[in-house]
Amino acid sequence: MHPQYARRLHKTVRRLVPESDVRFLLSESGSGKGAAMVTAVAYRLADQTRQIAQTLAEFQLSKDQLLEIKKRMRTEIQNGLGKDTHEKATVKMLPTFVRSTPDGSENGDFLALDLGGTNFRVLLVKIRSGKRRTVEMHNKIYAIPKEVMQGTGEELFDHIVYCISDFLDYMGMKNARLPLGFTFSFPCKQTSLDAGILVTWTKGFKATDCEGEDVVELLREGIKRKEEFELDVVAVVNDTVGTMMTCAYEEPTCEIGLIAGTGSNACYMEEMRNIETVDGDKGRMCVNMEWGAFGDNGCLDDIRTEYDRAVDENSLNEGKQRYEKMCSGMYLGEIVRNILIDLTKRGFLFRGQISETLKTRGIFETKFLSQIESDRLALLQVRAILQQLGLDSTCDDSIIVKEVCGTVSHRAAQICGAGMAAIVDKIRENRGLDHLDITVGVDGTLYKLHPHFSGIMHQTVKELAPNCDVTFLLSEDGSGKGAALITAVGCRQREQEQQN
Ligand code: ADP
Ligand code: MG
């Protein structure tokens with residue numbers, strides 16, 4: 001009401017902070033309407049918190065739900081092993097023809113190839129038995145150019161043979177005719193230790209004329225074409241099996257292999273009498289479960305969320321590998337990204353602005369989950385990580401993002417644990433035991449580097465399989481050392497068969 005008051009106040013402020021543009025707005029009934037406003041904001045925040053909690057609640061599985069997942073995995077295992085059910089089964093339970101774990105008597109020099117990870121490697125592995133068992137390894141990494149990965153099968157295998165040739169020259173071993181193990185981390189239908197028919201390429205490989213072919217035969221033909229050296233291809237090896245064998249060499253109770261990396265898969269020693277897809281009832285054989293495909297018949301649809309479905313729909317193999325898409329490194333970040341988009345659309349995050357970055361598929365890598373969930377990280381650092389991703393966050397945003405990441409990785413570890421619980425209990429029942437002590441060999445960057453994944457997984461196995469004591473052992477180079485050990489065991493098996 002004072003004729004000069006307002007004008008003087010404005011002028012003073014402008015003079016004191018000339019770099020700021022300050023506007024003055026008259027409030028109408030600040031105490032009455034204001035009180036209502038404060039209440040409304042509190043309501044909105046409470047409602048927002050409730051809605052976010054509701055969204056994340058779908059990812060929180062009760063013990064009963066986890067037991068149900070374990071039970072369903074058991075059913076699918078049975079289907080994969082059964083003669084009449086195998087053909088239609090989603091969890092394929094592929095026989096590997098590895099009939100025993102190493103016993104320490106393995107001895108000799110072996111070559112190993114590792115194809116299917118990020119790099120192609122050729123290795124020389126010297127295994128010595130006796131009082132002081134040792135394993136010495138030499139390896140060389142080779143690039144596989146994209147045009148070779150996606151050229152003809154003949155070009156791909158010529159390149160592989162060229163690399164082996166280079167490696168043998170480098171080691172001065174051209175004339176040795178060594179036994180070789182071929183780690184080939186793609187789904188393969190095996191009919192013996194040294195025969196594996198490629199079901200389908202994955203991970204960016206697309207070479208023609210390989211699917212439906214025996215990859216060992218393709219390798220042998222390549223070696224023949226080169227006419228420079230001879231090799232004895234003894235085994236084709238899945239990375240889960242290599243992982244199990246590497247750990248079993250150090251720890252004889254290791255009869256399970258687990259991969260939690262780009263993908264998710266497991267193998268274990270099953271009784272021959274239960275493997276109806278292979279003749280014979282005596283002893284055991286390692287089965288490559290290919291458990292990533294669990295749920296492809298719809299049996300997990302009741303626990304899958306709309307975000308899981310979105311990730312699946314945007315993937316290269318829609319409808320396939322549904323379990324893997326809930327628990328492996330390639331997909332966890334994508335699940336998080338889809339939740340963040342939804343929360344932003346609903347106005348709970350990033351001021352409701354969906355940035356271009358957030359729309360980019362694959363931008364939210366699983367390694368960021370590891371960083372964001374690290375207990376040593378302050379919220380400010382979480383904001384710095386989001387900033388690097390081009391996401392401008394408030395402090396409240398960063399709290400929500402951290403909660404979303406934790407929820408997604410927690411569920412991943414739990415359902416992986418539920419699958420593992422199904423395996424250990426099956427092995428315990430196979431052996432008619434009340435209590436089982438067993439070791440799992442594990443490989444994979446998600447398991448190794450995520451701050452909570454391994455701990456939650458262990459805890460889940462403990463709760464869901466209380467009659468088993470399960471130890472987890474990290475594998476060291478399962479695809480290289482493991483392949484050599486399988487080759488050594490294979491050579492021993494072959495000698496025994498020749499004697500019989
Ligand atoms: P692969 O499974 O291809 O043989 P790895 O076991 O090294 O190879 O797994 C690689 C995958 O691990 C990547 O695709 C990524 O999803 C995930 N990953 C990479 N870094 C991390 C990390 N720091 N924390 C969790 N997961 C990670
Ligand atoms: Mg690997």
Side-chain angles (χ1 to χ4, degrees), residues 112-121 123 139 141 143-144 149 182-188 201-205 237-244 246-247 257-267 288-292 311 314-317 321 323-338 361-377 381-382 385 388-389 402 404-413 416 440-457 472-483:
L113 306 180
D114 177 14
L115 183 73
T118 328
N119 294 305
F120 171 59
R121 290 185 308 153
L123 304 94
N139 77 79
I141 295 174
I144 299 210
M149 267 160 82
F182 185 8
T183 300
F184 187 77
S185 306
F186 301 95
C188 272
W201 282 122
T202 54
K203 304 182 247 190
F205 279 74
V237 177
N238 184 269
D239 53 354
T240 52
V241 188
T243 297
M244 176 188 80
T246 309
C247 291
L258 173 70
I259 302 280
T262 305
S264 175
N265 193 13
C267 72
N288 165 19
M289 294 176 69
E290 290 293 335
W291 84 0
V311 169
N314 284 321
S315 70
L316 291 171
N317 49 353
Q321 305 290 95
Y323 182 62
E324 176 166 85
K325 285 173 185 164
M326 298 166 86
C327 67
S328 81
M330 191 162 176
Y331 305 100
L332 296 191
E334 269 301 280
I335 302 176
V336 168
R337 190 180 67 88
N338 276 281
R361 226 196 284 164
I363 188 80
F364 213 96
E365 290 174 49
T366 297
K367 71 171 182 214
F368 295 123
L369 267 72
S370 287
Q371 290 175 15
I372 288 170
E373 288 182 63
S374 162
D375 295 324
R376 287 177 312 225
L377 221 59
Q381 289 167 292
V382 174
I385 295 168
Q388 273 172 29
L389 285 170
K402 189 165 175 168
V404 171
C405 290
T407 306
V408 169
S409 59
H410 194 95
R411 184 190 64 162
C416 181
V440 183
V442 198
D443 202 354
T445 305
L446 174 61
Y447 181 90
K448 284 183 188 165
L449 295 189
H450 189 281
H452 308 300
F453 184 92
S454 58
I456 296 164
M457 206 256 287
F472 291 85
L473 207 62
L474 262 184
S475 143
E476 228 188 282
D477 195 9
S479 350
K481 193 164 154 185

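All values derive from a computational prediction rather than experimental measurement. Counting convention: from 1, in listed order, for ligands and their atoms alike.
With rounding to the nearest 0.5 Å, the separation of CE in M289 from CG in N238 is 12.5 Å. L115 CG to F205 CZ: the interatomic distance, rounded to the nearest 0.5 Å, is 4.5 Å.
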Name the atoms and distances for all side-chain donor-acceptor pairs under 3.5 Å in residues 364-372, with sequence neighbours left out.
residue : atom : partner : partner atom : Å
T366    : OG1  : G329    : O            : 2.4
T366    : OG1  : G333    : N            : 3.4

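With ligand atoms numbered from 1 in the order given, ligand 1 contributes 2 (O), 6 (O), 9 (O), 11 (C) to contacts under 4.0 Å with heavy atoms of G261. Proximity to L449 (heavy-atom distance under 4.0 Å) selects the following atoms of ligand 1: 22 (C), 23 (N), 24 (N). Near G444, the atoms of ligand 1 lying under 4.0 angstrom from a non-hydrogen atom of the residue are 6 (O). Within the listing of ligand 1, atoms 16 (O) sit less than 4.0 angstrom from a heavy atom of G329. Here is the list of ligand 1 atoms found below 4.0 Å of a heavy atom in K367: 20 (N), 21 (C), 22 (C), 23 (N), 24 (N).
Every residue was checked against the side chain to side chain donor-acceptor pair (under 3.5 Å) condition with T246, not counting sequence neighbours, and none meets it.
In terms of modelled atom types and a separation under 3.5 Å, the side chain of T262 and the main chain of M330 share no donor-acceptor contact. Side-chain N or O atoms of H452 include one that pairs as donor or acceptor with a backbone N or O of E373 at under 3.5 Å.
When heavy-atom distances to ligand 1 are checked against a 4.0 Å cut-off, M330 comes that close only through its backbone atoms N, CA, C and O.
Remark: ligand 1 and T445 share an N or O pair separated by less than 3.5 Å (distance only, no angle test).
Of the candidates T366, T262, D239, the one placing a heavy atom closest to atom 13 (C) of ligand 1 is T262.
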